[in-house]
Every structure is written in structure tokens, then in C-alpha cells.
Amino acid sequence: MDPEVFAEVDRFVGETIVAEDEALRGAVEAAEVAGLPSIQVSPPQGKLLQLLVRMIGARRILEFGTLGGYSAILMARALPEDGRLITLEAKPEYAEVARRSIERAGVGDRVEVRVGAALEALPRLEEQGAGPFDLVFIDADKVNTPNYFAWALGHTRAGGLIIADNVVRKGTLGDADDPDEATKAQRRLHEMLAGEPRVSATTIQTVGVKGYDGFLIALVEGA
Ligand code: SAH
Ligand code: DHB
Ligand code: MG
């Protein structure tokens with residue numbers, strides 16, 4: 001199959017059932033102008049995040065990896081008025097772009113962007129008694145996805161969701177001999193969840209404007 005076909009389908013879906021509004025297009029544009037990489041979730045994937053937030057009635061969300069705020073804006077918009085989203089971003093200049101776009105999108109009062117390496121931000125979140133979260137979206141440095149997942153597992157309520165982006169990595173997820181550290185981390189995550197009774201999970205492969213990848217969705221058990 002031609003990757004252009006996959007991209008064209010994403011564009012059609014974007015023109016019909018997951019149309020972006022001006023604030024979302026503005027967030028993409030602002031990120032482009034500031035020279036951020038264009039690696040935000042695709043519009044159909046973003047809409048799925050939004051639907052999941054609504055389906056579980058999430059009020060507290062934690063995101064690893066803000067970039068220009070695109071996925072944060074989408075999820076924050078699906079929150080109720082008193083809902084809150086904390087998003088962690090290593091790069092101060094990305095966080096600044098995100099804050100401006102989040103403000104322009106009208107969800108500045110619901111979203112807090114915290115700057116710094118996510119692993120270092122976690123002890124402070126813990127101290128502050130942040131969580132339990134209803135939904136955790138893991139989308140930062142891929143080698144740390146299993147570490148973020150392990151932390152999320154102890155800080156997400158029963159019935160909540162932990163979602164990890166970019167686990168399929170052009171199909172290298174299926175290759176036990178792939179030398180890439182990011183891929184090895186996703187394999188380790190899957191192996192870790194094989195014996196983990198606290199979650200029930202699946203991984204869905206995706207194609208589209210972002211090429212061939214996929215995400216893992218885990219439901220926290222025990223409700
Ligand atoms: N969730 C965003 C995309 C995130 S891209 C969206 O869909 O709109 C991944 C982001 O993670 C980048 O902005 C990168 O700077 C950030 N990142 C990388 N390593 C990180 C770390 N150790 N801690 C926090 N953020 C990190
Ligand atoms: C890439 C894609 C992502 O969705 C992400 O979060 C980080 C990097 C990439 O294609 O490089
Ligand atoms: Mg991603």
C-alpha cells in the first residue's frame with residue numbers, strides 16, 4: 001500500500017468527522033513558526049484521545065511530552081469545567097509555545113505546563129499529592145515509556161486509562177533483534193504488562209499522516 005493513500009484518508013477524515021477549529025490550527029501553525037518538530041498526534045488520533053477522555057468521564061489528566069500543546073488542548077477541551085490537565089515538557093522553549101497556544105485555545109485555566117525532565121518532575125507531583133489520575137498519556141522520550149508507565153500504574157484510579165504513543169515504531173516492535181533502544185523499551189513495556197494483573201491492555205497499529213506506528217491502551221483494573 002502507498003503511504004500517500006493512508007495520508008489521503010487521514011485528510012478526508014479530517015475534512016469530515018474530525019475537523020480542526022481555528023485554535024487547533026493555530027497551535028500547529030505556532031509550533032511550525034517556532035521550529036518545533038511536527039510530531040503531534042494526528043487529528044484522528046487526537047479525536048480518539050478526546051473521545052476516551054469523555055467516555056471515562058476523566059477529570060484529572062497527566063501528559064508526558066507537551067510539544068506545542070496540541071494533544072493537551074484536545075484533551076483539556078474534553079474535560080469538564082473543573083477538570084485539570086498537567087503536562088510535562090523537557091524543553092522550556094517548547095513549553096512557552098505550548099502555553100501561548102493553550103491560552104489562545106481557551107483552556108489555560110485547566111492546563112498546567114511543567115518544564116523539566118519528566119522523571120525529575122514525578123517526585124514533586126508525588127509530594128503535592130497529585131492524582132490519582134483518570135487518564136495518563138505517555139508521549140515523551142520513548143526510552144522512558146516503561147518508567148513513565150510504571151509510575152502511572154501507581155497513580156491512576158481503577159477504571160482509568162494509561163495510553164502510550166509510538167509503541168509500534170514502523171513495525172520494529174515485532175522484531176526481537178531490533179537494536180534501537182526506543183524499540184527495545186516498547187518491547188520491554190509489553191513484556192512487563194504480560195504479567196501485570198493491575199491492567200488489561202492492547203496495542204493498535206496505525207497508519208496515516210504520521211506513517212506506520214501505533215499506541216497502547218491499558219485499562220487499570222480493580223474498580
Ligand atoms: N503530546 C504531543 C507530542 C509530544 S512530542 C502532541 O501530541 O501534541 C514529544 C515531546 O516530549 C517533545 O516536546 C519533547 O521535547 C518532549 N520530551 C522529550 N524528552 C522528555 C523528557 N525527558 N521529559 C519531558 N518531556 C520530554
Ligand atoms: C515521533 C513521533 C511522535 O508521535 C512522538 O511523540 C515523538 C517522535 C517521530 O516520528 O519521530
Ligand atoms: Mg507521539
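One-based numbering, in listed order, for ligands and for the atoms of each. The first residue of the sequence shown is numbered 1, and numbering continues consecutively from there.
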Taking 4.0 angstrom as the limit and counting only heavy atoms of [X], give me the atoms of ligand 1 inside it, by number and element.
X: Gly116; result: 23 (N), 24 (C)
X: Ala90; result: 20 (C), 21 (C), 23 (N), 24 (C), 25 (N), 26 (C)
X: Tyr94; result: 13 (O), 15 (O)
X: Ala117; result: 23 (N)
X: Ala118; result: 21 (C), 22 (N), 23 (N), 24 (C)
X: Leu67; result: 2 (C), 3 (C), 4 (C), 5 (S), 13 (O)
X: Gln40; result: 6 (C), 7 (O), 8 (O)

Any residue meeting salt bridge (charged side-chain N to carboxylate O under 4.0 Å, His left out) with Arg188, in chain and number order, not counting sequence neighbours: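 If we apply the salt bridge (charged side-chain N to carboxylate O under 4.0 Å, His left out) test to Arg188, skipping adjacent residues, there are no hits.
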Test: [X] and [Y] ion pair at under 4.0 Å:
X: Arg59; Y: Asp82; result: yes
X: Glu103; Y: Arg100; result: no
X: Arg157; Y: Asp134; result: yes
X: Arg99; Y: Glu96; result: yes
X: Glu126; Y: Arg124; result: no
X: Arg84; Y: Asp109; result: no
X: Lys91; Y: Glu93; result: no

Any N or O of [X] that comes nearer than 3.5 Å to an N or O of ligand 1?
X: Lys91; value: no
X: Asp141; value: yes
X: Gly65; value: yes

Value rounded to 0.5 Å, distance of CG in Asn166 from CG in Asp213: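 Taking CG in Asn166 and CG in Asp213, the distance rounds to 4.5 Å.
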Sorted by chain and number, the residues that approach ligand 2 to under 4.0 Å with a heavy atom: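 Contacts of ligand 2 under 4.0 Å: Ile39, Asp139, Lys142, Asp165, Asn166, Lys210.
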Under 3.5 Å side-chain donor-acceptor pair for Ser38 and Glu32: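 Per modelled atom types, Ser38 and Glu32 side chains form no pair under 3.5 Å.
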Side chains of Ser101 and Arg104, donor plus acceptor under 3.5 Å: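 A pair is found: one side chain offers a donor N or O, the other an acceptor, under 3.5 Å apart.
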Backbone of Thr183 reached by a side-chain donor or acceptor of Lys142 within 3.5 Å: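 No: the side chain of Lys142 does not pair with the backbone of Thr183.
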Backbone N/O of Leu173 and side chain of Arg187: donor-acceptor pair under 3.5 Å: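 Flag set: sc Arg187 to bb Leu173 pair under 3.5 Å.
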With backbone taken as N, CA, C and O and side chain as the heavy atoms from C-beta onward, which portion of [X] lies under 4.0 Å from ligand 1: side chain, backbone, both, or neither?
X: Glu63; result: side chain
X: Tyr70; result: both
X: Leu36; result: neither

In this structure, are over 12 heavy atoms from other groups packed under 6.0 Å from [X] atom [atom1]?
X: Arg54; atom1: CZ; result: no
X: Glu4; atom1: CD; result: yes
X: Glu120; atom1: CD; result: no

N/O/S atom of Gln40 inside 2.8 Å of the Mg ion (ligand 3), strictly under: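 So Gln40 does not bind the Mg ion (ligand 3) by this criterion.
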Just need the protein heavy atom nearest to [atom], so name the residue and atom and give the distance.
atom: atom 7 (O) of ligand 1; value: Val41 N, 2.9 Å
atom: atom 6 (C) of ligand 1; value: Ser71 OG, 3.0 Å
atom: atom 5 (S) of ligand 1; value: Ile39 CD1, 3.6 Å
atom: atom 3 (C) of ligand 1; value: Asp139 OD2, 3.2 Å
atom: atom 16 (C) of ligand 1; value: Glu89 OE1, 3.4 Å

Ligand 1 contact by Gly68, heavy-atom criterion under 4.0 angstrom: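 Gly68 does not count as a contact of ligand 1 under the 4.0 Å cut-off.
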Aromatic ring pairing Phe64/Trp151, orientation class (parallel under 30°, perpendicular over 60°, tilted between):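 Perpendicular, since the angle between the ring planes exceeds 60°.
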Name of the Asp139 atom (N/O/S only) found closest to the Mg ion (ligand 3):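 The Asp139 atom nearest to the Mg ion (ligand 3), restricting to N, O or S, is OD1.
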Residue Asp165 atom name (nearest to the Mg ion (ligand 3); N/O/S):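 Checking each N, O and S atom of Asp165, the shortest distance to the Mg ion (ligand 3) belongs to OD2.
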